[in-house]
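No experiment lies behind these values; they were computed from the predicted model shown. Only this structure's heavy atoms are used, side chains among them; waters, hydrogens and symmetry mates stay out.
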Amino acid sequence: MSAGYEALATKAKAIYGKRIARQDLEHLAGMRSVDDVLAELRQLPGWSHAAEHLPQDALLTRATLETALREQIRREYLSLMAFVPHKDRAVMGFPIMRAGMDEILAALRHLHASIYKEVEPLPPAFMSHTRVDVQALRRCTTYDGLVEATRGSIYHDALERLRSADGALPDYGVTEALLNGVYYQKLQSIIRRKYDGDVRRIMEKSVGSQVDMLNLMHILRMKRYFPQEDNYLPVLLPYHYKLKPQMIHAMCAAPNAEAVLELAQQTPYGRIFDQHSGEDLNYLYTATIYRTSRRQLMMGKPSIYSAVALMNLREIELKAVVSAVEAAKYQMALNPSILDMMDR
């Protein structure tokens, strides 16, 4: 499995070696001005390039910050591609597909909120790898425009099916679940067709755990925020790994979120919910991905998943940096869950 992947794994570990530490996040979050934060970011090897391209405090927005940080991740992604064998290029396309889905969902959120705003385009080198017209998505003012911007992508047919005769926007939760279903179906198809042995097992474990956690999160959200709803199928992914259909049905039938958590503790993910039952649901999902990816990158045999794991870790770190900068900007406390996760 490791033959031919040593250089890729070494490159991935070198990039991860520049990661931000817990104490750096605490230091950033405790600063008194964004100018001080940006000056500090320029000294951190993991994000210094992005920080050099950020505006001063008065012009810094969350969107501008995320754009600069994500551009650095894309540069790292493109640098990894030089070490990726041709047969693995399909799997390396999935971070781009995931980014495309995030852009589609962001555009739908803007439509629901009647917010139409152009933002900086993605780097040309990255744009050439995606079939979603990101610039058109960010300019669209109708659902028709959103669907047209995805023509040629794996998401287009699913979005077409959500068109309404009266022109109403589709439900966001249903759309998110449908696009996630398309994404994971395609990913699982590639894994089953191209891989076997340990690599297939590792990748199926990673994907399967993500699907299980997403379904758990969706059920818990429905129980907490929409207790009157009894049809969960539109927001659940039609795939199962360790969370079997019988357990999914039992959770859907549970009277409340507390009962769902009790059932979750009986699953292979019980330890997570037993230790962190009071935590934010997004944190539990993200922390699961972070732990799995870090373990595989640092202790697993070199494989294509070394690169996939790095991309997962860098995306999570990006969100932690954004949270720390916003904590400093608005003089608020940084979520301790973020610090705990990055410390592991």
Taking side-chain hydrogen bond (donor to acceptor under 3.5 Å, both in side chains) as the test, write out the residues that go with Q266, two or more places apart.
none
Using the rule given for side-chain contact (heavy atoms from CB on, under 4.5 Å), can you reason through L159 versus Y143, listing the C-alpha separation, both sets of side-chain angles and the distance that settles it, and then say yes or no?
CA-CA 9 Å; L159 292 167; Y143 186 70; 3.6 Å; yes
With sequence neighbours excluded, give me every side chain to side chain donor-acceptor pair (under 3.5 Å) pair touching residues 200-220.
Y184-Q210, R200-E204, S206-Q210, S206-Y305, D212-Y269
Are the side chains of M217 and R221 in touch, meaning some heavy atoms are under 4.5 Å apart?
yes
Could you pull out all residues at least two apart from R161 that satisfy side-chain hydrogen bond (donor to acceptor under 3.5 Å, both in side chains)?
none
Is the closest side-chain heavy-atom distance between M203 and I304 below 4.5 Å?
yes
Okay, side chain of Y155, backbone of V182: is any donor-acceptor separation there less than 3.5 Å?
no
Going hydrophobic residue to hydrophobic residue with side-chain gaps under 4.5 angstrom, can you get from Y225 over to L214?
yes
Ignoring hydrogens, what is the shortest heavy-atom contact between L108 and L146? Give both atom names and the distance.
N-CD1, 3.7 Å
Run the side-chain contact (heavy atoms from CB on, under 4.5 Å) check on D88 and Y5 step by step: do they pass?
CA-CA 11 Å; D88 294 310; Y5 294 100; 2.5 Å; yes
Between V147 and T150, the two heavy atoms sitting closest are O-OG1, 2.7 Å
Exercise: identify the closest heavy-atom pair between A7 and F83
CB-CD2, 3.8 Å
Cation-pi between R19 and Y16: NZ/CZ under 6.0 Å from ring centre and within 45° of the ring axis?
yes
So, do D36 and L28 sit near enough that their side-chain heavy atoms are less than 4.5 Å apart?
no
Greater than 12 external heavy atoms within 6.0 Å of R32's CZ
no
Does A328 offer a backbone N or O that forms a donor-acceptor pair with the side chain of Q331 under 3.5 Å?
yes
Taking atom CZ of R224 and atom CD of E258, what is their separation to the nearest 0.5 Å?
7.0 Å
M332, L334: one ILVMFWY side-chain cluster at the under-4.5 Å cut-off?
no
Just so I know, are the side chains of D198 and S303 near enough to count as touching, which here means a heavy-atom distance under 4.5 Å?
no
Which atoms form the tightest heavy-atom contact between M247 and T267, and what is the distance?
CG-CG2, 3.9 Å
CD1 (I190) and CE (M97) are apart, to the nearest 0.5 Å, by 7.0 Å
One should read off an interatomic distance between L111 CG and C140 SG, to the nearest 0.5 angstrom, of 4.5 Å
Does F226 have more than 12 heavy atoms from other residues, nucleotides or ligands lying within 6.0 Å of its CZ?
no
Could you give the distance from CD1 (I104) to CD (E176), rounded to the nearest 0.5 Å?
12.0 Å
Has S306 got a side-chain atom pairing as donor or acceptor with P302's backbone, closer than 3.5 angstrom?
no
CG on L297 to CG on N312, rounded to 0.5 Å:
10.0 Å
Results of ring-ring contact (aromatic ring centres under 6.0 Å, His included) for Y183 - residues two or more places apart only:
F94
T67 OG1 to R62 CZ distance, which is reported to the nearest 0.5 Å:
11.5 Å
Name every donor-acceptor pair, under 3.5 Å, that has one atom in a side chain of residues 229-237 and the other anywhere in the protein, sequence neighbours excluded.
{"residue": "N231", "atom": "OD1", "partner": "L233", "partner atom": "N", "Å": "3.4"}
{"residue": "Y232", "atom": "OH", "partner": "K223", "partner atom": "NZ", "Å": "3.1"}

Give every donor-acceptor pair under 3.5 Å between a side-chain atom in residues 313-324 and any protein atom, sequence neighbours left out.
{"residue": "R314", "atom": "NE", "partner": "E76", "partner atom": "OE1", "Å": "2.9"}
{"residue": "R314", "atom": "NH1", "partner": "E317", "partner atom": "OE1", "Å": "3.3"}
{"residue": "R314", "atom": "NH1", "partner": "E317", "partner atom": "OE2", "Å": "3.4"}
{"residue": "R314", "atom": "NH2", "partner": "G46", "partner atom": "O", "Å": "2.8"}
{"residue": "R314", "atom": "NH2", "partner": "E76", "partner atom": "OE2", "Å": "2.7"}
{"residue": "E315", "atom": "OE2", "partner": "R70", "partner atom": "NH2", "Å": "2.4"}
{"residue": "E317", "atom": "OE2", "partner": "I20", "partner atom": "N", "Å": "2.8"}
{"residue": "E317", "atom": "OE2", "partner": "W47", "partner atom": "NE1", "Å": "2.8"}
{"residue": "S323", "atom": "OG", "partner": "K319", "partner atom": "O", "Å": "3.0"}

Side chains of S33 and D35: donor-acceptor distance under 3.5 Å anywhere?
no
Answer yes if the side chains of N180 and R98 hold a donor-acceptor pair under 3.5 Å, and no otherwise.
yes
Are S79 and K11 packed together at the side-chain level, in the sense that at least one heavy-atom pair is separated by less than 4.5 angstrom?
yes
Are T61 and T64 close enough that a side-chain donor and a side-chain acceptor fall under 3.5 Å?
yes
Any donor and acceptor pair, going by atom type alone, linking the side chain of H112 with main-chain N or O of P170 inside 3.5 Å?
yes
Apply side-chain contact (heavy atoms from CB on, under 4.5 Å) to residues I248 and K244 and explain how you reach the verdict.
CA-CA 6 Å; I248 290 285; K244 301 306 180 185; over 6 Å; no
Which heavy-atom pair separates M251 from V260 by the least distance, and what is that distance?
O-CG2, 3.6 Å
Smallest separation among heavy atoms of G100 and V132, with atom names
CA-CG2, 4.3 Å
Would you call E148-R151 a salt bridge at under 4.0 Å N-O?
yes
Begin with the C-alpha distance, continue with both residues' side-chain angles, and end with the deciding distance and a verdict on side-chain contact (heavy atoms from CB on, under 4.5 Å) for Q265 and L263.
CA-CA 5 Å; Q265 291 171 7; L263 289 170; over 6 Å; no
